[in-house]
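Here is the structure we will look at.
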Amino acid sequence: MNRLIIVSNRLPFALDSAGTDLWTVTPAVGGLVSAVEPVLRERGGTWIGWPGIAGKIPQGPLAEATRDAGYNVVPVALSETERDEFYYGYSNEVIWPLFHDLQNFCNFEPAYWPAYKQVNERYADAIIRNAQPDDFIWVHDYHLMYVAQALRERSTSRNRLALTFFLHIPFPPYDIFAKLPQQRRLLHALLQFDLLGFQTRRDVRNFLQCVRRVMPGTKVLSRGDTHVIRFEKRKIRIGHFPIGIDFDSFENGAKSEAVTQRSQRLRASFPDCQLMLGSDRLDYSKGIPERLRAFRDALERYPEMRSRVVLIQIVVPSRVEIPRYHEFKGRIDRLVGDINGRFSTSTWVPVQYHFRGLDREDLLAHYRACDIAFLTPLKDGMNLVAKEYCACRTDEDGALILSQFAGAAEQLKPDALLVNPYDVEQMADTIVKAFRMSPAERTVRMKRMRRMVRKENVFWWVDSFLKAGATLGGRSSRAFEKRRGSATLQSVKA
Ligand code: GDG
């Protein structure tokens, strides 16, 4: 049996010190974990990643926290400087903004690149220590684009392992990628993988365009959606694999008694109002201020909306240690204050703002209770919230307003109301369109979106990727082990 080895920057939980010898374990919130965790729980395997604390990793609490996970967990340690330069630095001040087309937000500090390489080498070492030649090694996301190169540089038989990579965030077009000082080194590193997966056709197109421009002489063979790059006497496969969600688990969760009751309570708190939901990690790529400005514009230009619509905006704290994120939160706070100050009445407050993560039941209750989802990232690899919203609309009602720059737009575009998040007036008009849409039209659109999200779910995603990687490096295409387990993470005392 091939074993699945997932390698990502973060493990699916974070350890934190809660006092002398007392540790807390918090499940991580984010798209990568939401998608990959159920897969590993079902199939078993190994997850290599960082548990979120700088310095020495407390072995006892880690072992106890992962005892019932259903898969092995291999922690990678980072020092404080590495965390600052690799994670906050190169990953989140260079790659993240650049790949979301926000080059003005980049800090191209030269010291970050060596730290990025060094930490990627540590992950490569962890792979070498834990992998067998027949294992399926699947490296995830923008923090770890140098891992394959680091592995190939190590002179061990394990460097012949077949290595696959999936990028959860978008890949930018050449004109933007060309700003990156390490553009050639990064592409060279990516081409050391055997299979490169992206979220959408657009990302694949951008990547191939960058390869052609930055590495002249590299051969790209394309037939339909199949692309092969010939590089240094190797063949690298390139494909798009739109990530999905565990549809059944969202649908069943949404139908549960507890969620039904919570959603009814939520609805009852806003009589005679349509509820509109925005839910995002705190991130400047998610278009939260633009969304609030569009809502303000809609209330200004369409007085019929006043007292009839409430925007529930959930912002999950994320990367708050980075000053830019902190300032960004200030902008959101001010906009919410401005809207509520200008339009509230004694019986209606237009924006309900939560700066905290909701527990799963509460999140599902919000998906079920809200008539409209309003998701406007400036750019997004996929946007799983859009798919989760559809999965939870068990009554097949609900309208989805979605940024045309979210990867999910490629799959949902006939039925979602697509908007340009930079066009505040168009977004405001679209809010009104969704508000006025007849129940019959909402149902037709929602049915089709649910069909798509159900079919191309997370297990479909993983199967497509594993199939594409099944015959790499002479690997046989034997089926992967499938089993069910349970992954519960608890707070533990050392
Ligand atoms: C990256 C890419 C890509 C949200 N609020 C709460 C909560 N969430 C969960 C959602 C969802 C996840 O967080 C967010 O996923 P997204 O896909 O929307 O965004 P990123 O975190 O930026 O993910 C993205 C993804 O990777 C997968 O490839 O789609 O483009 O940027 O699953 O449910 N979870 C809980 N409480 C909340 O309040 N528990």
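Computation of the quantities below employed the complete heavy-atom set of this structure, encompassing side-chain atoms and omitting hydrogens, waters and symmetry-equivalent molecules. Each residue takes its place number in the sequence, starting with 1. Whatever order the structure lists them in is the order used to number ligands and atoms, beginning at 1.
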| field | Polar contact flag for F166 and ligand 1 (N/O pairs, less than 3.5 Å) | value | no
| Among protein heavy atoms, which lies nearest atom 24 (C) of ligand 1, and at what distance? | D380 OD1, 3.3 Å
| message | If you take the centroid of each ring, where Trp contributes its six-membered ring, are W50 and Y123 closer together than 6.0 Å? | response | no
| Please state which protein non-hydrogen atom is closest to atom 14 (C) of ligand 1 and give its distance, to 0.1 Å? | G31 N, 3.7 Å
| message | Regarding ligand 1, does R356 bring an N or O atom to under 3.5 Å of one of the ligand's N or O atoms? | response | no
| query | Looking at OH of Y367 and CD of E388, how far apart are the two atoms once the value is rounded to the nearest 0.5 Å? | reply | 4.0 Å
| Taking only residues two or more places apart in sequence or in another chain, which ones pass side chain to side chain donor-acceptor pair (under 3.5 Å) with S403? | none
| field | Options R281, H100, H366, ranked by nearest heavy atom to atom 22 (O) of ligand 1, top entry | value | R281
| query | Under 3.5 Å, is there a donor-acceptor pair between the Q274 and D371 side chains? | reply | no
| Electrostatic pair R296-D338, nearest N-O below 4.0 angstrom | yes
| note | Residues pairing under ring-ring contact (aromatic ring centres under 6.0 Å, His included) where one sits in residues 380-413, two or more places apart or in two chains, turn out to be none
| said: Quick test of your reading of the structure: of D280, N383, V458, whose heavy atom lies closest to atom 29 (O) of ligand 1? | reply: N383
| Short list, please: which atoms of ligand 1 are under 4.0 Å from a heavy atom of S34? | 11 (C), 12 (C), 32 (O)
| task | Mark the output for Y367 as yes if a heavy-atom distance to ligand 1 is under 4.0 Å, and as no if none is. | result | yes
| field | Atoms in ligand 1 with a heavy atom of G381 nearer than 4.0 Å | value | 30 (O)
| task | Could you tell me which non-hydrogen atom of P75 sits nearest to which non-hydrogen atom of L62, and how far apart they are? | result | CG-CD2, 3.3 Å
| said: Check contact between S279 and ligand 1, using heavy atoms of the residue and a distance below 4.0 angstrom. | reply: yes
| query | G357 heavy atoms, cut-off 4.0 Å: which ligand 1 atoms fall inside? | reply | 38 (O)
| query | Side chain, backbone, both or neither: which part of L363 has a heavy atom under 4.0 Å from ligand 1? | reply | side chain
| message | Need the ligand 1 atom indices (1-based, order shown) with element for anything under 4.0 Å from a heavy-atom of W96. | response | 31 (O)
| said: Quick one: does any side-chain atom of W461 pair with a main-chain N or O of F241 as donor and acceptor, under 3.5 Å? | reply: yes
| query | Of the protein's non-hydrogen atoms, which lies at the shortest distance from atom 37 (C) of ligand 1, and what is that distance? | reply | L358 N, 3.4 Å
| request: Please state whether the rings of F136 and W138 are parallel, tilted or perpendicular, taking 30° and 60° as the class boundaries. | output: perpendicular
| Which residue supplies the protein heavy atom nearest to atom 17 (O) of ligand 1, what is that atom called, and how far is it? | L384 N, 2.8 Å
| message | Quick test: of every protein heavy atom, which one is nearest to atom 33 (O) of ligand 1, and how far off is it to 0.1 Å? | response | E388 OE1, 2.5 Å
| Looking at the rings of F328 and H326, which for Trp means the six-membered one, are their centres under 6.0 Å apart? | no
| message | Between ligand 1 and H354, can you find any atom pair, the residue atom being a heavy atom, that is separated by under 4.0 Å? | response | no
| query | Looking at H168, which atoms of ligand 1 are within less than 4.0 Å of one of its heavy atoms? | reply | 2 (C), 3 (C), 26 (O), 27 (C), 28 (O), 30 (O)
| request: List every atom of ligand 1 that sits less than 4.0 Å from any heavy atom of Q199, numbering the atoms from 1 in the order shown and giving each element. | output: 3 (C), 28 (O)
| With a distance cut-off below 6.0 Å to the six-membered ring centre and an angular limit of 45° from the axis, does R360 pair with F250 as a cation-pi contact? | yes
| task | For the pair N206 and R202, evaluate side-chain contact (heavy atoms from CB on, under 4.5 Å) and give the outcome as yes or no after the intermediate values. | result | CA-CA 6 Å; N206 289 345; R202 178 193 59 198; 4.1 Å; yes
| For atom 9 (C) of ligand 1, closest protein heavy-atom neighbour | V29 CG1, 3.9 Å
| Among protein heavy atoms, which sits nearest to atom 19 (O) of ligand 1, and what does the distance come to when rounded to 0.1 Å? | K286 NZ, 3.1 Å
| query | Below 6.0 angstrom between ring centroids: does that apply to Y146 and Y116? | reply | no
| field | Those atoms of ligand 1 less than 4.0 Å from some heavy atom in V316 | value | 5 (N), 6 (C), 37 (C), 38 (O)
